[in-house]
K.L.:
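Mind having a look at this structure? Questions to follow.
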Number of protein chains: 2
Amino acid sequence: MVFIEEVTVRLTTKGRYAVTAMLDLAFHSQVKPVTLTEIAARQTISLSYLEQLFARLRRAGMVKGVRGPGGGYKLCRKAGEINIAEIIAAVDEPLDSTKCGGEGNCQKGDACLTHNLWMGLSKQIRTYLVGISLADLLEKDQVQEVAKRQHYDAQQAIEVCYRPE
Amino acid sequence: MVFIEEVTVRLTTKGRYAVTAMLDLAFHSQVKPVTLTEIAARQTISLSYLEQLFARLRRAGMVKGVRGPGGGYKLCRKAGEINIAEIIAAVDEPLDSTKCGGEGNCQKGDACLTHNLWMGLSKQIRTYLVGISLADLLEKDQVQEVAKRQHYDAQQAIEVCYRPE
DNA sequence: TACTTAACCCAGCAAAATAGTCAACTATTA
DNA sequence: TAATAGTTGACTATTTTGCTGGGTTAAGTA
């Protein structure tokens, strides 16, 4: 299976709003749908801005809108099956970030070298965030464990070589 | 001991430029200082923008400028002692991110709950990035290969620019 | 000393992203 | 039918981004 991976992770206030809102939703929508008005009030985010964010989250298949009285938003999947990276990716524009798309025009190797280094790091960060779900965050105790485990894994992955002085 | 920790990590294009430039510097400044003009050319970042970024990196005590001919920038510390989180923190404005600074005005517990969840995650991400140094990135296997090839190119370029005495 | 180099500093500026308002719609429920 | 709440789009203000261009200052070199 081949994904066109979105390697570049941006972690802006926009993403923070989205994650915060999704956390709020995951926490409150277990009984009934949650209106954006409620989330807006609780998290002090403007309603219209939330509407924009949730339009994207909906198109990404992460939430479902229920119209009419008693309606609101609910999660399409379980909180454990929604990770942080996809929330951020849903609200952030792709912004391809590769000045030399793939290979082509980077004759000067140095540019591509550093470029690839950054892409590698970015991918690591992404992998890290993929490993954290909404449910992980809601169950605080687990979070710490998961975090430690993933930190270790990631470090292994890049073959850290700390030189003692 | 109490630190006023900068918990919120922003990962924007600005931070990417900074990390990319620092990687370039770490890679090339082992022999002599590297000019911003060189980095600008290699990484296709405007010189003036690099100047802004390096002004911050310098104030953060990560790089040192050497004036005059043969000058440029060099790292203040070893590449293994400079981590990604501090590079990003140096160029990004603090942007305190806490709407309820500490405790005060969050009577509604839900808001603070979600807020704390986010802060917890943000802190994890920060911890993750603190654990990755410039040296870690440079010491990846694939890098070394490319690096060897490029060392020749780089030398050529230097000999072209600077006439050997 | 004069010249060059390159860091350092600053004012401003266009484009983009951010965050939000307003208004009109549609689907659902009571 | 009326109220609710999602859906959509156009439009605005503010901030950030990335850059241009003009300097000044320190350190080498002829």
Side-chain angles (χ1 to χ4, degrees), chain A residues 8 10-18 20-21 25 28-29 32-41 43-60 62-76 88 91-97 99, chain B residues 8 10-18 20-21 25 28-29 32-41 43-60 62-76 88 91-97 99 158 161-165:
Chain A
T8 304
R10 306 178 63 218
L11 198 55
T12 65
T13 51
K14 195 173 189 175
R16 191 179 77 214
Y17 278 136
T20 300
L25 179 58
H28 289 97
S29 68
K32 57 178 171 181
V34 178
T35 68
L36 292 190
T37 306
E38 294 174 53
I39 299 178
Q43 307 301 332
T44 54
I45 307 172
S46 88
L47 177 59
S48 297
Y49 197 45
L50 274 181
E51 284 174 352
Q52 289 181 32
L53 297 179
F54 273 76
R56 289 172 179 274
L57 293 170
R58 188 176 57 82
R59 282 195 285 269
M62 306 172 67
V63 300
K64 175 160 176 54
V66 181
R67 295 186 174 194
Y73 277 95
K74 57 182 181 180
L75 300 180
C76 279
I88 293 170
V91 298
D92 265 323
E93 286 302 326
L95 192 66
D96 58 324
S97 86
K99 287 188 177 174
Chain B
T8 302
R10 304 178 62 220
L11 199 55
T12 66
T13 51
K14 194 173 191 174
R16 191 179 76 213
Y17 279 135
T20 299
L25 179 58
H28 290 97
S29 68
K32 55 176 158 184
V34 178
T35 68
L36 292 190
T37 306
E38 294 174 52
I39 300 179
Q43 307 302 331
T44 55
I45 309 173
S46 86
L47 177 59
S48 296
Y49 196 46
L50 272 181
E51 284 176 351
Q52 288 180 33
L53 297 179
F54 272 75
R56 291 172 178 273
L57 294 170
R58 188 175 54 83
R59 283 193 285 269
M62 305 171 67
V63 298
K64 173 158 179 56
V66 180
R67 294 189 175 193
Y73 278 95
K74 55 183 181 180
L75 300 181
C76 279
I88 293 171
V91 298
D92 264 325
E93 286 303 325
L95 193 68
D96 58 324
S97 88
K99 287 187 177 175
I158 288 171
C161 294
Y162 300 93
R163 291 166 190 165
E165 52 279 322

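Just so you know, these numbers come straight off a predicted model, no measurement behind them. Convention: sequence-line order gives letters A, B, ...; per-chain numbering from 1.
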K.L.:
When we call it a touch if two heavy atoms are under 4.0 Å apart, what does B:F54 touch: a base, just sugar-phosphate, or nothing?
P.N.:
nothing
K.L.:
Generate the contact string for nucleotides 21-30 of chain D. Rules: B means base contact, S means sugar-phosphate contact only, - means no protein heavy atom under 4.0 Å.
P.N.:
B---BSBS--
K.L.:
Of A:G70 and A:Y49, whose nearest nucleotide on DNA chain C comes first from the 5' end?
P.N.:
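Comparing both residues, the 5'-ward one is A:Y49.
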K.L.:
Taking only the side-chain heavy atoms of A:R59 (C-beta and beyond), determine which of C:dA19, D:dG18, D:dT8 contains the nearest atom.
P.N.:
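Ranking C:dA19, D:dG18, D:dT8 by closest atom to the A:R59 side chain puts D:dT8 first.
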K.L.:
B:Y73 vs B:F54 aromatic rings, parallel, tilted or perpendicular, using cut-offs 30° and 60°?
P.N.:
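Plane angle between 30° and 60°, so tilted.
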K.L.:
Would you indicate which nucleotide in C:dA7, D:dC19, D:dG6 comes nearest to any side-chain atom of B:Q52?
P.N.:
D:dC19
K.L.:
How far apart are the closest heavy atoms of A:K74 and A:V66, and which atoms are they?
P.N.:
CE-CG2, 4.0 Å
K.L.:
Going by the rule salt bridge (charged side-chain N to carboxylate O under 4.0 Å, His left out), which residues pair with A:E38 if we only count those two or more places apart in sequence or in a different chain?
P.N.:
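A:E38: salt bridge (charged side-chain N to carboxylate O under 4.0 Å, His left out) contacts with A:R42.
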K.L.:
Among residues at least two apart in sequence or on other chains, which ones pass salt bridge (charged side-chain N to carboxylate O under 4.0 Å, His left out) with A:R56?
P.N.:
A:E93
K.L.:
Please confirm whether the shortest side-chain N or O distance from A:T12 to OP1 or OP2 of C:dT18 is below 4.0 Å.
P.N.:
yes
K.L.:
Please evaluate residues B:Y17 and B:Q43 with respect to the criterion side chain to side chain contact (heavy atoms under 4.5 Å, CB included), reporting the C-alpha separation (whole Å), side-chain torsions for both, the decisive distance (0.1 Å), and the verdict.
P.N.:
CA-CA 9 Å; B:Y17 279 135; B:Q43 307 302 331; over 6 Å; no
K.L.:
Which residue is it: A:L75, A:L36, A:T20? I am looking for the one with a side-chain contact (heavy atoms from CB on, under 4.5 Å) to A:L25.
P.N.:
A:L75
K.L.:
Out of D:dT17, D:dG18, C:dA6, which nucleotide sits closest to the side chain of B:T35?
P.N.:
C:dA6
K.L.:
Reckon B:L36 touches a base, only the sugar-phosphate, or nothing at all at heavy-atom distances under 4.0 Å?
P.N.:
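Sugar-phosphate, no base atom in range.
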K.L.:
How close do A:K14 and A:D92 get, counting heavy atoms only, and between which atoms?
P.N.:
CD-OD1, 4.2 Å
K.L.:
Among the nucleotides C:dT18, D:dT17, C:dG20, which one has an atom lying closest to any side-chain atom of A:K14?
P.N.:
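It is C:dT18.
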K.L.:
Less than 4.0 angstrom between a side-chain N/O of A:R58 and OP1 or OP2 of D:dA5, yes or no?
P.N.:
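The answer is no; no side-chain N or O of A:R58 sits under 4.0 Å from OP1 or OP2.
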K.L.:
Rounded to the nearest Å, what distance is computed from the CG atom of residue A:L25 to the P atom of nucleotide D:dG6?
P.N.:
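Taking atom P of D:dG6 as the reference, CG of A:L25 is at 11 Å.
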K.L.:
Provide, to the nearest angstrom, the distance between the CG atom belonging to A:L47 and the C1' atom belonging to C:dA24.
P.N.:
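Nearest whole value for this atom pair: 15 Å.
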K.L.:
Using the side-chain heavy atoms of A:D92, tell me which of these nucleotides is nearest: C:dA7, D:dC19, C:dT18.
P.N.:
C:dT18
K.L.:
Over how many whole Å does the gap from A:L11 atom CG to C:dT18 atom C1' extend?
P.N.:
15 Å
